[in-house]
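Working notes, structure below.
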Amino acid sequence: MEKVRLGRTNLIVKKLGWGGIPIQGVGEREGVSVIRAVVEMGVDLLDSARGYTNSEHKIGLALQKVDRPVILSTKSHEKTEKIYDEVHESLRQLNVKKVNIYHLHNVSNFDDYEKVMTPGGAYHGLKRAQKEGLINHICITSHNLNVLERALEDEYFDVIMACYSFLEPDAAKKVFPLAKAKDVGILAMKSFSGGVIEEAGPALRFVLSTPDIVPIPGSETLDKARENWKIFIEGKPLAQQDKERIEVLKKEFNRNFCRRCDYCQPCSEKISIQFILGLKSILKRFGPQAQGLGWMKSLIEKAKNCSECGECLPRCPYQLPIPDLIKENLAWFDGLKNKRKKGK
Ligand code: SF4
Ligand code: SF4
């Protein structure tokens, strides 16, 4: 069973970790039993976030019932020193005295990066938590490879987390070699591109065939967790058949799959384009209760202001028809809401 050293943290973990996004979508009892089974199966790195609603809490409950050591990784979107309070809340939810890896979550652009690194910024809140022994290592998570590249050059972080799948392979060239050279650990999120890819075999064999990284696909059911684990322990290399299937799937998704890179920003109407384009997979992973979340409602309302000015179009390296996709996703969401209403 392959293991990976997470750079200068010197943590040695199995090459397949587990991500805590999808577990939000199932009830507490079911979620706790899935996490427990995942750890008993042999997974030794669990990742969560303050932003994943009840995910930390479920992990905390599950860990009370298993007797195996796990590496805990979690994160907060907080951009100021107040992240120190978020660390305390993570510890309370996870029911532990220390978290191994704590992330600045989704530092999506250079403005955010300046904000977290400046005195009074979140990085300094995490340094305080680290000095007090509440966390061991500080990580930065971003969908923007330019931000991760800068973070690696600055050498403040022990671990980075980047998107990586066959639909989003750029990190393998742009940041993984630099991270390796700087002895920084690499966690790879979105092995299934946020639930867009449904074929576990080619998707997982693709990420698992990349050296030095630890992919962290999540699972809300035991069946899915077992399927992922089986693929990992089989240890088969990426076969010609996988490569051919990947090419077919890439063609299928290339015209409408948003890579969440934010290169299309700024939008004159301040629309979170990547959020709206990823709405289907977000709801799939966060579960139907996410429809009622205040922040989600406000992002959707804002998207209705798209003036179709087209300013974002030339900035998208994948030539996505952004205004059309916004309309399509909003119409899909309205349909979903109406279906729910009728169901009540
Ligand atoms: S077309 Fe819509 S999404 Fe694109 S910049 Fe204009 S308002 Fe924003
Ligand atoms: S629409 Fe294009 S530029 Fe904008 S986040 Fe998605 S892939 Fe990136």
Side-chain angles (χ1 to χ4, degrees), residues 21 49 51 77 79 104-113 115 140-151 160-176 188-198 203 206-207 246-247 249-286 290 295-334:
I21 293 182
H77 279 113
K79 300 288 182 276
L104 299 173
H105 194 179
N106 194 17
V107 181
S108 57
N109 51 50
F110 287 115
D111 285 349
D112 276 356
Y113 185 75
K115 209 175 195 174
I140 183 167
T141 303
S142 181
H143 292 176
N144 184 324
L145 298 180
N146 294 326
V147 168
L148 289 177
E149 197 177 29
R150 163 87 184 273
I160 59 157
M161 185 186 279
C163 292
Y164 185 59
S165 72
F166 66 73
L167 288 179
E168 298 167 274
D170 296 353
K173 281 198 184 129
K174 196 160 165 82
V175 294
F176 295 169
M189 59 175 157
K190 313 279 186 265
S191 305
F192 302 125
S193 282
V196 170
I197 306 167
E198 291 185 334
F206 177 86
V207 292
I246 283 172
E247 285 314 307
L249 291 169
K250 270 162 82 175
K251 277 194 193 118
E252 198 176 302
F253 288 117
N254 261 352
R255 291 183 65 81
N256 60 13
F257 174 62
C258 170
R259 276 79 169 173
R260 302 175 291 264
C261 59
D262 267 347
Y263 297 148
C264 48
Q265 295 290 352
C267 158
S268 46
E269 299 294 337
K270 298 194 170 28
I271 295 167
S272 173
I273 296 171
Q274 56 147 296
F275 169 80
I276 298 298
L277 269 48
L279 200 52
K280 287 180 194 162
S281 70
I282 290 169
L283 283 171
K284 189 169 158 192
R285 285 177 303 135
F286 280 64
W295 59 268
M296 185 166 290
K297 283 186 188 162
S298 98
L299 289 176
I300 288 167
E301 276 310 305
K302 209 175 256 182
K304 292 179 184 164
N305 297 333
C306 176
S307 60
E308 302 185 38
C309 68
E311 282 172 21
C312 53
L313 289 170
R315 296 189 207 123
C316 176
Y318 308 99
Q319 288 97 41
L320 298 189
I322 297 171
D324 292 349
L325 291 173
I326 288 178
K327 273 196 274 180
E328 216 173 87
N329 277 280
L330 289 177
W332 172 83
F333 185 73
D334 273 348

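Only this structure's heavy atoms are used, side chains among them; waters, hydrogens and symmetry mates stay out. When a ligand or atom number is given, it counts from 1 through the structure's own listing order.
Counting heavy atoms from C-beta on, the side chains of I322 and R315 never come closer than 4.5 Å. Within the 4.5 Å cutoff, the side chain of H143 has heavy atoms near those of the C163 side chain. A 4.5 Å side-chain heavy-atom check between C312 and C267 finds every atom pair outside the cut-off. Between Y263 and N146 the shortest side-chain heavy-atom distance falls below 4.5 Å. V196 is not listed as a side-chain neighbour of F192, based on a closest heavy-atom distance of 4.5 Å or more.
Pairing each heavy atom of K270 with each of K302, the nearest pair is O-CD, 3.0 Å.
Neighbours of atom 8 (Fe) of ligand 2 restricted to protein N, O or S atoms under 2.8 Å: the count is 1.
For the pair R259 and Y318, the distance from NZ or CZ to the six-membered ring centre is under 6.0 Å and the angle to the ring normal is within 45 degrees.
K280 NZ: more than 12 foreign heavy atoms inside a 6.0 Å radius.
When each of D324, L325, L320 is checked for a side chain to side chain contact (heavy atoms under 4.5 Å, CB included) with N256, only L325 meets the rule.
At a heavy-atom distance under 4.0 Å, only side-chain atoms of I326, from C-beta outward, approach ligand 1.
Around atom 6 (Fe) of ligand 1, protein N, O or S atoms at less than 2.8 Å comprise C309 SG.
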